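Each remark here refers to the structure printed beneath this line.
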Amino acid sequence: MIGLRCARLFDGDTMHHGRRTVVLDGGRIVGVGATDAPVVDLGDVTLMPGLVDAHTHLAFAPGSDIVGDMTSLPREVVLERMREHAGQALRAGITTVRDLGDRDYLAVELRDGSSALPEILAAGPPITTPGGHCWFLGGEVPADRSALADAVAERVARGVDVIKVMATGGSITPGSAAHESQYDFSQLSAIVEAAHSAGLPVTAHAHGGSGIRDAVRAGVDGIEHGTFLTADGAEPDWSTIRELIAARVYVGVTAGRLLTDAPPPPRVLAARAFLPEMQRSGALLVCSSDAGIISYKPHYCLPFGLTDFQQFTELSPAAVLTSVTRLAADSCSVGSRKGRIAPGYDADLLAVHGDPSQDLAVLRDVAAVYRAGVPVELG
Ligand SMILES: [Zn+2]
């Protein structure tokens, strides 16, 4: 047993001011309060649940030729790169990552062999149409219900944690149009039925309005991006948004990024314009990163995008903290053991200097990280 004393505590939903001691035992949180166990005084820090990045690609090296790498690099090279990226995330306080697209189920392999890494949740190769978005990860499946059910079964047999489907095209794949659908409602339904009957959630990459609508109606658990892109802008479909709010579908807003001087392109700004109204209407906005896909999204970038995310969603700083801890854990189906400081929860913890409920930028000022109760070497 050990106690960690802090000046402030964020429990996943609420900021508590005043000194507190979080008691850990065997990788779990036992409680908050007095203890006879030895106490480590972390000083003037805020102790909070470790961040959960609900959308990463550990196999992608930021700024690299993704298609070239994924079609040519030997598996050992990719696996070593993934281990390095996972370590970068952990040292930034990201104690859980959900890999939403790897090659050869390497994230499953890394998950099962991991020690001193973040908790890894893996999708394996995303299900996509032949030649479709991220075809180069090896998950091409024809637009056919029985083939899609077989593809889900293969992923279940490989031990994935979530099924990822590319409901629409995407920007990083040459020749793919992000606003165009890849699978229709019936085909997406076949995926959801097969996954849910195996007890797995489904999250759908979806940019275009018809792809988002079909995925929500098919019963997916999450929508990645949810930008409502059109050929030249973005146009929200409020009837679909009302449906996804009613069905409590998580929306992964992949805003994690290093802040650069370059202003976001107009299409991205258009896709952010309706987020304040979405969150005020009750949409569950999870801030994640899509780390790896571009140079300014290294695998530690999640905390860097949060001030930006807070501004364009008009959430409070505390609600943003919830978005990257408790809500993100819920969205990854690990909300019963991750994302909160509460008895029985995994002792995955982040201590930062300052008060992130006043200024989210202090999340980049890491004082300590604990993974399963073990302090992480910050290097
Ligand atoms: Zn992605």
Side-chain angles (χ1 to χ4, degrees), residues 52-67 69-70 78 81-82 85-86 89 94 96-108 110 118 120-129 132-140 155 160-174 176-180 182-183 191 201-208 211-212 215 220-227 229 249-258 267-268 271 285-302 305 309 324 328 331-332:
V52 176
D53 193 341
H55 187 151
T56 71
H57 298 278
L58 293 172
F60 296 175
S64 69
D65 168 12
I66 292 173
V67 183
D69 280 4
M70 292 299 106
V78 179
R81 177 192 270 185
M82 293 171 79
H85 291 155
I94 302 161
T96 300
V97 296
R98 183 170 69 165
D99 189 302
L100 287 185
D102 70 7
R103 198 193 79 190
D104 300 333
Y105 297 90
L106 289 174
V108 175
L110 190 65
I120 294 170
L121 304 166
I127 295 174
T128 193
T129 47
H133 181 43
C134 285
W135 61 269
F136 47 83
L137 293 175
E140 295 169 284
R155 283 158 180 76
V160 302
D161 301 289
V162 57
I163 299 295
K164 167 89 178 288
V165 57
M166 302 304 198
T168 69
S171 57
I172 66 165
T173 304
S176 177
H179 62 288
E180 288 177 3
Q182 297 200 147
Y183 295 112
I191 293 172
V202 177
T203 197
H205 159 106
H207 282 294
I212 297 170
V220 299
D221 305 275
I223 293 283
E224 303 302 318
H225 312 299
T227 49
L229 291 185
V249 174
Y250 299 95
V251 179
V253 180
T254 51
R257 55 171 293 172
L258 300 185
R267 215 174 173 208
V268 171
L285 304 184
V286 173
C287 187
S288 59
S289 72
D290 215 357
I293 63 159
I294 201 161
S295 59
Y296 53 77
K297 287 179 178 280
H299 290 81
Y300 55 84
C301 74
L302 178 62
F309 176 75
V324 288
S331 80
C332 294

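Quantities reported herein were computed from a predicted structural model and do not represent experimental measurements. Counting starts at 1 for both ligands and their atoms, in listed order.
- At least one N, O or S atom of H55 sits under 2.8 Å from the Zn ion (ligand 1).
- At a cut-off of 3.5 Å, with distance as the only test, a side-chain donor of T254 or H225 sits close to an acceptor on the other residue.
- Side-chain contact between L100 and P126: absent, with no pair of heavy atoms (C-beta onward) separated by less than 4.5 Å.
- Residues L58 and I120 are in side-chain contact: their nearest non-hydrogen atoms beyond the backbone lie under 4.5 Å apart.
- Donor-acceptor pairing under 3.5 Å is lacking for the side chains of T128 and H133.
- Residue contacts to the Zn ion (ligand 1): H57 brings an N, O or S atom closer than 2.8 Å.
- Taking the Zn ion (ligand 1) as reference, the nearest N/O/S atom within D290 carries the name OD1.
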